[in-house]
Colleague: 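First the structure, which I've put down as structure tokens, then a few questions once you've had a look.
The basis for the numbers below is simple: all heavy atoms, side chains too, and nothing from hydrogens, waters or symmetry mates. Numbered from 1 within each chain, the chains take letters A, B, ... in sequence-line order.
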Number of protein chains: 2
Amino acid sequence: MTNTGSKPETKPETRPETRHVLERCRNVAPILQRVGDKWSMLIIIVLIDGPCRFSVLKRTIDGISQQMLTRVLKALERDGLISRTTYPTSPPQVEYALTELGLSLSEPVLRLGDWVRDNIGRIEASRETYDAR
Amino acid sequence: MTNTGSKPETKPETRPETRHVLERCRNVAPILQRVGDKWSMLIIIVLIDGPCRFSVLKRTIDGISQQMLTRVLKALERDGLISRTTYPTSPPQVEYALTELGLSLSEPVLRLGDWVRDNIGRIEASRETYDAR
DNA sequence: CAGGATCCCAGAAGATACTG
DNA sequence: CAGTATCTTCTGGGATCCTG
């Protein structure tokens, strides 16, 4: 809501103190982006229930292309968040699973998910009133 | 690490149970994307310390263009995460601040930030060994 | 000072077809 | 089955110039 007040109270400095916090959070942004893409979190969430094969992942995560699934799985593996195990059967089977690291990440991420679940209504309401002008 | 095991143990079903969790998380992904862009979280983090004017934000968040700052601020305002207050002075001043909603969001996000701070080393190590082949 | 309006680009996302 | 290869589309991010 764009209000119109009367007296500014902020100090117009550059806030050097905040700078330090920012430096610390500089690293956070890239990770947030990695995890904040369209599919990564969904994959991780599925894998929380246990290891999963490629085709099952593809069927479970509705709408993802094998292309994107491959890419995201690779990126997650590179970051050490999931592991990849190949079974030399015929036809070949590949099983993906969360690593310990990936599992530990899922915790704060699920918290964020809870927040969204609890507040998405407010967000959407805000959007409507905002768009209404 | 791409291992090679010997016997697959996963059930090849479609996992309908997981489906329900996924449905719940479908809404999470878009919000994660909103917050997971390059600047949103940095802006929110700065605003945790208190209201802030446009120019101060721009100076504090190093590297952001006024264009992007404007865009992201608008998006955050639309979602009800920050408020915008205009002071009709000359020259005009505009002050941005976290709303209650935005503040509550900052909590789970900072937890995620803590996780990153604690584990970024492992991630980078994993990347190196992965890229080394 | 705080933006709006344009133009531009690299890389992300996706569709499709092919392969060990 | 689990990918790779290719092509096209889309969009996040940025540079630049202009204005109340």
Side-chain angles (χ1 to χ4, degrees), chain A residues 2-5 7-8 10-14 29-30 32-43 51-78 82-97, chain B residues 2-5 7-8 10-14 29-43 47 51-78 82-97:
Chain A
T2 304
N3 294 328
T4 301
K7 45 175 179 176
T10 350
K11 13 166 191 169
E13 305 109 44
T14 317
L32 245 179
Q33 281 194 272
R34 268 266 27 246
V35 165
D37 71 2
K38 204 171 177 182
W39 305 110
S40 294
M41 276 317 306
L42 296 178
I43 294 177
C52 208
R53 290 177 49 195
F54 187 90
S55 56
V56 179
L57 278 172
K58 170 135 179 42
R59 271 195 303 274
T60 306
I61 300 175
D62 198 78
I64 196 172
S65 66
Q66 74 280 52
Q67 168 76 295
M68 284 315 296
L69 184 53
T70 301
R71 282 192 206 171
V72 180
L73 285 173
K74 240 178 205 166
L76 292 174
E77 186 195 358
R78 185 173 109 98
I82 66 175
S83 65
R84 185 192 126 110
T85 310
T86 301
Y87 298 103
T89 59
S90 176
Q93 292 190 10
V94 180
E95 194 177 87
Y96 293 93
Chain B
T2 303
N3 293 329
T4 302
K7 46 175 179 175
T10 351
K11 15 167 191 169
E13 304 110 44
T14 318
I31 304 289
L32 245 179
Q33 281 196 272
R34 266 263 31 245
V35 166
D37 70 1
K38 201 170 177 181
W39 305 110
S40 294
M41 276 318 306
L42 296 178
I43 293 178
L47 291 182
C52 208
R53 289 178 50 195
F54 186 90
S55 55
V56 179
L57 278 173
K58 172 137 177 39
R59 269 194 304 273
T60 306
I61 301 175
D62 198 79
I64 195 171
S65 66
Q66 74 279 53
Q67 167 76 300
M68 286 314 299
L69 184 54
T70 302
R71 280 193 207 173
V72 179
L73 286 173
K74 242 180 203 165
L76 292 174
E77 187 195 357
R78 185 173 109 97
I82 67 175
S83 66
R84 186 190 125 110
T85 309
T86 301
Y87 298 104
T89 58
S90 177
Q93 293 190 8
V94 180
E95 193 176 86
Y96 294 93

Colleague: Tell me, please, which residues at least two apart from A:Thr70 pass side-chain contact (heavy atoms from CB on, under 4.5 Å).
Modeller: A:Phe54
Colleague: Give the C-alpha distance, both sets of side-chain angles, the deciding distance and a yes or no for side-chain contact (heavy atoms from CB on, under 4.5 Å) between A:Leu73 and A:Arg84.
Modeller: CA-CA 9 Å; A:Leu73 285 173; A:Arg84 185 192 126 110; over 6 Å; no
Colleague: Just checking B:Gln33: base, sugar-phosphate only, or nothing, at a heavy-atom cut-off of under 4.0 Å?
Modeller: nothing
Colleague: Hey, which sits more toward the 5' end of DNA chain C by its nearest nucleotide, B:Pro92 or A:Pro92?
Modeller: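 By nearest-heavy-atom nucleotide position, the 5'-most residue is B:Pro92.
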Colleague: Is it the case that the side chain of A:Lys58 and the backbone of A:Ser65 share a donor-acceptor pair, with hydrogens and angles ignored and the cut-off at 3.5 Å?
Modeller: no
Colleague: Just the endpoints, please: which first and last nucleotides of DNA chain C, 5' to 3', lie under 4.0 Å from a heavy atom of chain A?
Modeller: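 Contact boundaries, 5' end first: C:dA13 to C:dG20.
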Colleague: How long is the span from the OG1 atom in B:Thr86 to the CD atom in B:Gln93, to the nearest 0.5 Å?
Modeller: 10.5 Å
Colleague: First contact, last contact: which nucleotides of DNA chain D are these for chain A, 5' to 3', heavy-atom distance under 4.0 Å?
Modeller: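 So the contact region on DNA chain D extends D:dC1 to D:dG13.
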Colleague: Please assess A:Tyr87 against A:Glu95 for the test side-chain contact (heavy atoms from CB on, under 4.5 Å), listing each intermediate value before the final yes or no.
Modeller: CA-CA 8 Å; A:Tyr87 298 103; A:Glu95 194 177 87; 3.4 Å; yes
Colleague: In Å and rounded to the nearest 0.5 Å, what is the CD1 to CG distance from A:Ile64 to A:Leu69?
Modeller: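 One gets 4.5 Å once the value is rounded to the nearest 0.5 Å.
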Colleague: As an exercise, state the distance from OG of B:Ser83 to CG of B:Leu47, rounded to the nearest 0.5 Å.
Modeller: 8.5 Å
Colleague: Go through the steps for B:Thr60 and B:Leu42 under the test side-chain contact (heavy atoms from CB on, under 4.5 Å), then give the verdict.
Modeller: CA-CA 10 Å; B:Thr60 306; B:Leu42 296 178; over 6 Å; no
Colleague: How would you list all residue pairs meeting side-chain hydrogen bond (donor to acceptor under 3.5 Å, both in side chains) that involve residues 33-43 of chain B, not counting sequence neighbours?
Modeller: B:Arg34-B:Ser40, B:Arg34-B:Asp79, B:Asp37-B:Ser40
Colleague: For a quick check of understanding: with a heavy-atom distance under 4.0 Å over all strands, which category does B:Lys38 fall into, base, sugar-phosphate or nothing?
Modeller: sugar-phosphate
Colleague: Estimate the overall bend of the helix from C:dC1-D:dG20 to C:dG20-D:dC1 from the end axes over five pairs each, rounded to 10 degrees.
Modeller: 50°
Colleague: Short of 4.0 Å, heavy atom to strand atom, which residues of residues 62-72 of chain B count as contacting DNA chain D?
Modeller: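 The stretch gives B:Gln66, B:Gln67, B:Met68, B:Arg71 as the residues lying under 4.0 Å from the strand, ordered by number.
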Colleague: Give the C-alpha distance, both sets of side-chain angles, the deciding distance and a yes or no for side-chain contact (heavy atoms from CB on, under 4.5 Å) between A:Thr85 and A:Val94.
Modeller: CA-CA 6 Å; A:Thr85 310; A:Val94 180; over 6 Å; no
Colleague: Rounded at 0.5 Å granularity, tell me how far CD1 in A:Ile43 sits from CD1 in A:Ile61.
Modeller: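 Reported to 0.5 Å precision, the distance equals 4.5 Å.
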